[in-house]
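This report concerns only the one structure given below.
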Amino acid sequence: MTLRILPKGAFKTWAARLQERQFRIVGPKAKYGQFVYDEITDLDELVLDYPQTVAAPKRFLLPPREVLFSFNTETMEMHAQIEAEPTVIIGLHTCDMHAIDLIDLVQNTGFADQHYRARRDALYLVSIECLSPCTENCFCKDMETFSAPENFDLHLIDLGTAYAVEVGSEKGEQLLDGCVNVWEPSEAEEAHLNEVMSAKWQRFDFRLDATLSELPEVLGEAAHSVYWDELGDICLACGACTQVCPTCYCFDVTDEIDLTLTEGQRVRTWDSCQIERFAVVAGNHNFRSQLGRRQRHRFMRKGKYQYEAYGKMGCVGCGRCAAACPVNISCIKTFNHLTAEQRTHDEEVTV
């Protein structure tokens, strides 16, 4: 891994050169008073100093609606529809980088998803260091996601008048090809970078009462807690939490066919475990009809199931679900309530 210095005055020139090289640029931009990841055609729209985007960047890896293949019922021919355009996502927060790291692992375990793999191979990740908490709902320090994992191609750290640029891969080196406005850091610049990173730690607070290593056990002990029913009583089953979550990847698959019943296509769309029809199976049986059970399933996946399956937490502490929830269900409140329940139980057993 190498380190470079890129002055802020040259940043737009560098990004414009990427566009000239036929890269699609995606990044945070203001929209309807909020920030979203979107395609950037006008570089003046790109915002790097932003609190947080409403939704995660996963739609550029797993589109909300995706045609998997087309088919013909008469000839029995099928043709995979794989679309992958060279894309640079600029300005990814570190929590979203951890989310991509998890989805990479999931999508490449067992039967690798060829559609995802093609799109991921064409994707270049340019992350930026979060030097202060982005929202009141975030708890990335607890989830150990407030520093970048090793999956970035380039990683930016704001030094005031310039960015320190960590080059994490050959793809990152490719992005800097032909950029004459970068240089190796001086001793003074390295010292300033160390000061910036040292000061960051104090700005982030621990928000959870359980440590990251304790969380799976807390949730395991809470499998039969009445708190799930309390959440179910207020949950609206709207699915907003899973729509904005950077690590949710559940989907539905449907076949769409024309009126002649000849030409058709198989389509994959986002789905949500919080919506009633998600768990309906043959015989019209719903194995997770109660809202409390759906909430339990969601939190178990975030703090226990994914960790047991892949060694990584399914929650990255971004807090988007809390911001999106119309009834204020949040990971912080839920995890802390269950932690308090377990500790109270342990004290009663000890007595």
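Counting begins at 1 with the first residue of the sequence.
In this structure, F139 is a member of the same hydrophobic cluster as L219, with clusters built from ILVMFWY side-chain heavy atoms closer than 4.5 Å. F152 and I157 sit in two unconnected hydrophobic clusters of ILVMFWY residues. Membership requires side-chain heavy atoms under 4.5 Å apart, directly or through other members. Linking ILVMFWY residues whenever their side-chain heavy atoms come closer than 4.5 Å, directly or via other members, leaves F251 and L102 in distinct clusters. Put simply, F204 and V196 are part of two different groups of oily side chains (I, L, V, M, F, W, Y) that touch within less than 4.5 Å, one to the next. Note on L156: it clusters hydrophobically with V88, by side-chain heavy-atom contacts below 4.5 Å among ILVMFWY residues.
Side chain of T262 to main chain of T260: a donor-acceptor pair is present (N/O by atom type, distance under 3.5 Å, no hydrogens or angles). For the pair K141 (side chain) and P133 (backbone), a donor-acceptor distance under 3.5 Å is absent. Counting only distance, with no hydrogens or angles, the side chain of R293 and the backbone of R288 share no donor-acceptor pair below 3.5 Å. Although no hydrogens or angles enter the test, the distance criterion places no donor-acceptor pair under 3.5 Å between the side chain of W270 and the main chain of R59. For the pair E256 (side chain) and T254 (backbone), a donor-acceptor distance under 3.5 Å is absent. Side-chain N or O atoms of R4 include none that pairs as donor or acceptor with a backbone N or O of V167 at under 3.5 Å. With hydrogens and angles disregarded, no donor-acceptor distance shorter than 3.5 Å links the side chain of D271 to the backbone of F278. No donor-acceptor pair closer than 3.5 Å links the side chain of K8 to the backbone N or O of T161. Judged by distance alone, with hydrogens and angles left aside, the side-chain atoms of R203 form a donor-acceptor pair with the main-chain N or O of L131 at under 3.5 Å. Within the 3.5 Å criterion, the main-chain N or O of L125 finds a donor-acceptor partner in the side chain of D153.
Think of V280 as one node in a network of Ile, Leu, Val, Met, Phe, Trp and Tyr side chains linked at under 4.5 Å; it has no links at all. Hydrophobic side-chain contacts under 4.5 Å tie F111 to no other Ile, Leu, Val, Met, Phe, Trp or Tyr residue. Residues L68, F71, M78, I257, L261 make up the rest of the hydrophobic cluster containing F69, defined by ILVMFWY side-chain heavy atoms closer than 4.5 Å, directly or through other members. When hydrophobic residues (I, L, V, M, F, W, Y) are linked wherever their side-chain heavy atoms come within less than 4.5 Å, the members clustered with V267 are V67.
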Candidate pair V26 and I40, rule side-chain contact (heavy atoms from CB on, under 4.5 Å), full reasoning: CA-CA 5 Å; V26 168; I40 304 293; 5.8 Å; no

Please walk me through it: do F35 and Q52 pass side-chain contact (heavy atoms from CB on, under 4.5 Å)? CA-CA 7 Å; F35 291 92; Q52 189 183 69; over 6 Å; no

Can you list the steps and then say if Q274 with Q295 is a side-chain contact (heavy atoms from CB on, under 4.5 Å)? CA-CA 7 Å; Q274 299 304 293; Q295 284 293 327; 3.1 Å; yes

Would you check, one step at a time, whether the test side-chain contact (heavy atoms from CB on, under 4.5 Å) holds for I128 with L92? CA-CA 6 Å; I128 187 166; L92 290 154; over 6 Å; no

Yes or no on side chain to side chain donor-acceptor pair (under 3.5 Å) for N72 and E77, after CA distance, side-chain angles and deciding distance? CA-CA 5 Å; N72 185 294; E77 293 179 319; 5.9 Å; no

Would T135 and N137 count as a side chain to side chain donor-acceptor pair (under 3.5 Å) here? Give the steps. CA-CA 5 Å; T135 70; N137 295 311; 4.7 Å; no

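By the ring-ring contact (aromatic ring centres under 6.0 Å, His included) test, Y249 is found to be paired with no residue, residues two or more places apart in sequence or in another chain being considered. Applying the ring-ring contact (aromatic ring centres under 6.0 Å, His included) rule to Y116 yields no partners; only residues at least two apart in sequence or on another chain are considered. Partners of H98 under the ring-ring contact (aromatic ring centres under 6.0 Å, His included) rule, at least two apart in sequence or in another chain, do not exist in this structure. A search for ring-ring contact (aromatic ring centres under 6.0 Å, His included) contacts involving W14 returns F11, not counting sequence neighbours.
Under 3.5 Å, the side chains of R320 and T53 contain a donor-acceptor pair of N or O atoms. Residues D252 and T269 have side chains that never bring a donor and an acceptor to within less than 3.5 angstrom of each other. Using a 3.5 Å distance cut-off with no hydrogens or angles, the side chains of Q81 and S70 do pair a donor with an acceptor. In the model, T247 has no side-chain atom that pairs as donor or acceptor with a side-chain atom of K312 under 3.5 Å. Residues E221 and Q342 bring no donor and acceptor atom of their side chains to less than 3.5 Å of each other.
Judged as a salt bridge (Lys or Arg N to Asp or Glu O under 4.0 Å), the pairs with a partner in residues 121-132 (not counting sequence neighbours) are, in order, R117-D121, E129-K200. Listed by first and then second residue, the side chain to side chain donor-acceptor pair (under 3.5 Å) pairs that reach into residues 324-337 are H337-E341, sequence neighbours excluded.
Between R207 and E136 there is no salt bridge, since no side-chain nitrogen of the basic residue lies less than 4.0 Å from a carboxylate oxygen of the acidic one. Taking the charged nitrogens against the carboxylate oxygens, D44 and K12 do have a contact shorter than 4.0 Å, which makes a salt bridge. Under a 4.0 Å N-O distance rule, the pair D38/K31 qualifies as a salt bridge. Taking the charged nitrogens against the carboxylate oxygens, R120 and D104 do have a contact shorter than 4.0 Å, which makes a salt bridge. Between R343 and D209 there is no salt bridge, since none of the side-chain N atoms of the basic residue sits less than 4.0 Å from a carboxylate O of the acidic one.
Here the side chains of M313 and Q306 are not in contact, with every heavy-atom distance at 4.5 Å or above. At least one side-chain heavy atom of E276 sits under 4.5 Å from a side-chain heavy atom of N286. Proximity of I82 to Q114: side-chain heavy atoms (C-beta onward) are separated by under 4.5 Å at one or more points. Between C130 and F146, every side-chain heavy-atom pair lies at or beyond the 4.5 Å cut-off. Using a 4.5 Å heavy-atom cutoff, the side chains of C315 and M143 are in contact. Using a 4.5 Å cut-off on side-chain heavy atoms (C-beta onward), L3 and V165 make no contact. Between H93 and C140 the shortest side-chain heavy-atom distance does not fall below 4.5 Å. Between Q107 and L62, the closest side-chain pair of non-hydrogen atoms falls below 4.5 Å.
For the atom pair CZ (R266) and CG (D255), the distance works out to 4.0 Å, reported to the nearest 0.5 Å. Rounded to the nearest 0.5 Å, atoms CZ (R301) and NE2 (H297) are 5.0 Å apart.
Remark: aromatic rings of F335 and F299 are close, center separation under 6.0 Å.
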Identify all side-chain donor-acceptor contacts of residues 227-242 below 3.5 Å with residues at least two apart in sequence or on another chain.
residue	atom	partner	partner atom	Å
W228	NE1	A222	O	2.7
T242	OG1	G239	O	2.9
T242	OG1	S272	OG	2.7

Show every donor-acceptor pair shorter than 3.5 Å between a side-chain atom in residues 174-185 and any protein atom, with sequence neighbours excluded, or say none if there are none.
residue	atom	partner	partner atom	Å
Q174	OE1	Y124	OH	3.3
W183	NE1	E189	OE1	3.4
W183	NE1	E189	OE2	3.3

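Between I329 and R298 the shortest heavy-atom distance is CG2-NH2, 3.9 Å.
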